[in-house]
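Keep in mind that this is a model prediction, so the values were computed, not measured.
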Amino acid sequence: MNYSDVVAENQHLKQRVRDLEQAEEERDRLQAALRQSEEHARIFVTYTPAAVAMFDRDMRYILASHRWLADFALKEGEITGRCHYELFPEIPEHWKAVHRRCLAGASEGNDEEPFPRSDGRVDWVRWKIFPWYTTSGEIGGIMLFTEVITERKRLEDTLRMQAKTLQELSTPIVPISQGVLVLPLVGVLDAARAQQMMENLLGKVVERQAQVAIIDVTGVPHIDTGSASALLQVARAVRLLGAQVILTGLRPEVSRAIIDLDIDLTGIVTRRDLQSGIAFATAMNLTAPLSPP
């Protein structure tokens, strides 16, 4: 090897050293960027206002938000690396099946589902699960977003029961004797209320095997074509069940309106007031079969 070869080799080695130094600097830069990105992800997951948890392929905790810890009464230092099923042994098998499907690449969710707890109570949750991927494109685990909606569900159920109670109060059905029901109507009679009234009255006629249903409209301030048609539909439906309908409380102006509207009241007994209707029903031979409707 001559002098020029030695010089060339030396230059080559120097360049190689510089390349390695640059590669090391780039590696350090990428590692720093990766650490920063991981820290950003950790901060985002930890402090997001949603209940979020990140799991590896064995359902071990990697990260969990503060909201997740609060919602499920967990402590931050006690969950990392622990299996989800260890912390929640009550998790049903069908949820574990969902986890397996998502670990295979699926994304699933549910807006409202009961979660029976080990202490006997039931939480209601809304959840969304999807896989997360490594830099090589492989599934590294799953992300689980949940919202405990137990209080909202309880409030909705309470409001639903209150609405049902108000509906029943708006169309009270009073049994006054064996086989006789009275439905006193107060307020505006529209299509929605007529439908509710029909359902309630038909149910009571069947339940109590009523033979007479008195519908009192004394408290209905106005009857137009729509409300009159709705009232007649209710009466005809009751007749189809074999019960006689008595319509009471028709004020003079309401009677004139019915005549002007040419409404057919065939098959419906009418009486001036509720007292007269009750007297008529009492005088009827309730044991005798009624004529077909």
Using the side chain to side chain donor-acceptor pair (under 3.5 Å) rule, pick out the option among Asp273, Thr218, Asp216 that qualifies with Thr248.
Asp216
Any Ile129 side-chain heavy atom under 4.5 Å of Trp127 side chain
yes
Is a side-chain donor-acceptor pair under 3.5 Å present for His99 with Glu108?
no
Please examine the side chains of Thr270 and Ile246, heavy atoms only from C-beta on, and report whether any two atoms are closer than 4.5 Å.
no
What I'd like to find out is whether the side chain of Met198 reaches to under 4.5 Å of the side chain of Arg236, using heavy atoms alone.
no
Taking C-beta and beyond as the side chain, do Leu202 and Val206 meet within less than 4.5 Å on heavy atoms?
no
Does any non-hydrogen side-chain atom of Tyr85 lie less than 4.5 Å from one of Arg60?
no
Are there more than 12 heavy atoms of other residues, nucleotides or ligands under 6.0 Å from atom CZ of Arg57?
yes
Using a 4.5 Å cut-off on heavy atoms from C-beta on, say whether the side chain of Val269 contacts that of Val245.
no
Gln209 atom CD, over 12 foreign heavy atoms within 6.0 Å
no
Salt bridge (Lys or Arg N to Asp or Glu O under 4.0 Å) involving Arg117 - partner list, sequence neighbours excluded
Glu90, Asp123
Residues Glu147 and Lys128 bridged, charged N to O under 4.0 Å
no
Could you walk me through whether Phe145 and Trp68 pass the side chain to side chain contact (heavy atoms under 4.5 Å, CB included) test, one step at a time?
CA-CA 9 Å; Phe145 288 74; Trp68 178 283; over 6 Å; no
Side chain to side chain, Ile214 and Leu183, heavy atoms closer than 4.5 Å:
no
Residue Glu93 excluded, over 12 heavy atoms near CD under 6.0 Å
yes
Arg82 to Tyr61 six-membered ring, cation-pi geometry met (6.0 Å, 45°)
no
Can Glu112 and Lys153 be counted as an ion pair, charged N to O under 4.0 angstrom?
yes
